[in-house]
2 protein chains.
Amino acid sequence: MANTREHLMAATKELLWERGYEATSPRAILEKSGAGQGSFYHHFSSKAALAAAALQEAADDMRVNLEPVLHSDAPALQRIRNYLTMPREELRGCRIGRMTHEPIIVQDETLRDPIEAYFSYAEQELATVLAEAQREGTLSESINVDDLAATLLATVQGGYVLARGFQDPERMHQAIRGVLTLIDAIEQKKEV
Amino acid sequence: MANTREHLMAATKELLWERGYEATSPRAILEKSGAGQGSFYHHFSSKAALAAAALQEAADDMRVNLEPVLHSDAPALQRIRNYLTMPREELRGCRIGRMTHEPIIVQDETLRDPIEAYFSYAEQELATVLAEAQREGTLSESINVDDLAATLLATVQGGYVLARGFQDPERMHQAIRGVLTLIDAIEQKKEV
DNA sequence: GTCTATATCGAGATAGAC
DNA sequence: GTCTATCTCGATATAGAC
């Protein structure tokens, strides 16, 4: 197989999402990917190395999903709403955010890097769109866009936590609706 | 030791907070608690049974922290602000929320129960205080208090995720500031 | 680049003495 | 109630042949 490496990566991405890092064993990766023992340690020096590569890919996937939503030709504040309401796998949790509570991930530079980079990217992008909304006149200039961007990200991340805690996707939607209501309430109507 | 059981519980609460369920081994619990093998399985039938008891206690602790903040004699909306800004161990994460991403926790009724119960309690309490704010005239009646309560909880939970992802407590504060700003913006000034 | 065999260690629990 | 000994299994690799 020329693409054994890809198979290993794909299996690892799935397993990390489902079980996290510690609970994902090389054995499980081999079974899911169909690769053999030898292939694993031929392509990657360790479980950590494979996981780091898989996390990087997962973060890239998420960027690819986010990009069109925040850069459509809709008005800025509408793009923010679109971000908040974009389809999500509520019960599976966030592939990136779910890793943050494993000490081993947070302590290992290589493993934490893709996570921090993704969050950083997402906050930046959101803040940029919020700043556009200010220029368009729909968002008050008095709002700190970096803070609000963090709030939006946090609401989504926390929404996943609630959905999983209750085992009910609706709990995430509820949190999202709440923040949408706040945004509606502060939206400045443009002169006509 | 008459209170070996308590020592086991206390050690487990700490370890669950720090490492989560799967990564917490009976061995580690014994070392931290100072108890011996025999005591563990004398007092608890399994690791899961001990963890369930420990999670229940942790949730109770959190209730005890929350209660005075939401039931002080401050105006309702101020109590909400106090909730959002109460001191937290940002980098340690939420003792309850951090568990939600472990499949084994979510699948086991006994383990998920204390988590769901705590979230349910917190949402209820927040919603009640928000409804008081509506009666006091500082919060618009058009706001759905259940949705907003979910948003507040989610912001805090997501704030933990961000703080851990960046390994920076400030990231949580940022998210909190953002939602405080929104609340300030929608607050209805009472007639004087 | 992939395979099978082997090694070491800790997890999670049981057994039976004290 | 607590102790020490023991058991079984899976995690995470390494070794060396093909």
Side-chain angles (χ1 to χ4, degrees), chain A residues 1-55 57 98-99 101-112, chain B residues 1-55 57 98-99 101-112:
Chain A
M1 219 49 108
N3 48 357
T4 298
R5 193 191 151 94
E6 317 307 320
H7 288 338
L8 284 165
M9 290 275 281
T12 304
K13 281 163 69 177
E14 284 297 311
L15 288 167
L16 287 178
W17 194 352
E18 189 182 325
R19 309 185 189 175
Y21 179 75
E22 299 223 57
T24 294
S25 66
R27 174 183 304 245
I29 294 171
L30 294 180
E31 277 166 15
K32 192 170 192 95
S33 68
Q37 298 267 19
S39 303
F40 185 112
Y41 290 97
H42 173 72
H43 290 291
F44 301 95
S45 62
S46 66
K47 170 181 155 179
L50 170 50
L55 283 177
E57 266 206 16
R98 63 124 40 249
M99 313 305 296
H101 281 295
E102 299 196 51
I104 195 168
I105 292 271
V106 146
Q107 282 154 21
D108 184 320
E109 280 279 303
T110 325
L111 291 169
R112 188 164 63 83
Chain B
M1 219 51 107
N3 48 357
T4 298
R5 193 191 152 93
E6 317 306 320
H7 288 339
L8 283 165
M9 290 274 280
T12 304
K13 281 163 70 177
E14 284 297 311
L15 289 167
L16 287 178
W17 193 353
E18 187 181 327
R19 309 185 189 176
Y21 179 75
E22 299 222 57
T24 294
S25 65
R27 174 183 303 245
I29 294 171
L30 294 180
E31 276 166 16
K32 193 172 191 94
S33 68
Q37 296 269 19
S39 303
F40 186 112
Y41 289 98
H42 172 73
H43 291 289
F44 300 95
S45 62
S46 66
K47 171 180 153 179
L50 170 49
L55 283 177
E57 266 206 14
R98 66 135 23 259
M99 312 306 296
H101 280 294
E102 299 196 52
I104 194 168
I105 292 271
V106 146
Q107 283 154 21
D108 184 322
E109 280 279 304
T110 325
L111 291 169
R112 189 164 61 83

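Letters go in sequence order (proteins before strands), and every chain restarts at 1.
Rounding to whole angstrom units, CG of residue Asn3(A) and P of dG1(C) are separated by 12 Å. For the pair Arg19(B) CZ and dG10(C) P, the computed distance is 13 Å after rounding to whole Å. If you measure from atom CD of Gln37(A) to atom C1' of dA11(D), you get 11 Å, rounded to the nearest angstrom. Atom P of nucleotide dA11(D) and atom CD1 of Ile104(A) are separated by 15 Å, given to the nearest angstrom. For Glu31(A) and dC3(C), the CD to P distance is 14 Å, given to the nearest whole Å. Going from atom OH of Tyr41(A) over to atom P of dA11(D) covers 11 Å, rounded to whole Å. Computed from coordinates, the His42(A) NE2 to dG16(D) C1' distance equals 15 Å when rounded to whole Å. Summarising the geometry, the separation between NE2 on His43(A) and C1' on dC3(C) is reported as 13 Å, rounded to the nearest angstrom.
Contacts of Phe40(A) with the nucleic acid, taken as non-hydrogen atoms under 4.0 Å apart, are absent. Nucleic acid contact class of Ser45(A) (heavy atoms, under 4.0 Å, all strands): none.
The side chain of Ser46(B) has dA13(C) as its nearest neighbour among dA13(C), dG1(D), dG10(D). Listed nucleotides dT2(C), dA11(D), dG12(C) differ in distance to Pro26(A); the shortest reach to its side chain belongs to dA11(D). The side chain of Ser25(B) lies closest to dG12(C), out of dG12(C), dT2(C), dG1(D).
A heavy-atom distance below 4.5 Å is not found between the side chains of Ser33(A) and Phe40(A).
Pairing each heavy atom of Ile29(A) with each of Ala11(A), the nearest pair is O-CB, 4.0 Å. Residues Thr24(A) and Lys47(A) approach most closely at O-NZ, 2.8 Å, considering heavy atoms. Nearest heavy-atom pair, Leu111(B) versus Ala48(B), reported as atom, atom and distance to 0.1 Å: CD2-O, 3.7 Å.
Side-chain nitrogen and oxygen atoms of Thr4(B) include at least one within less than 4.0 Å of the OP1 or OP2 phosphate oxygen of dT2(D). In this structure, Ser39(B) reaches the dC3(D) phosphate: one of its side-chain N or O atoms is under 4.0 Å from OP1 or OP2. Note on Arg27(A): a side-chain N or O is less than 4.0 Å away from OP1 or OP2 of dA11(D).
Residue whose closest nucleotide on DNA chain D sits further toward the 5' end, between Gly38(A) and Ala28(A): Ala28(A).
Judged by distance alone, with hydrogens and angles left aside, the side-chain atoms of Glu22(B) form no donor-acceptor pair with the main-chain N or O of Glu22(A) at under 3.5 Å.
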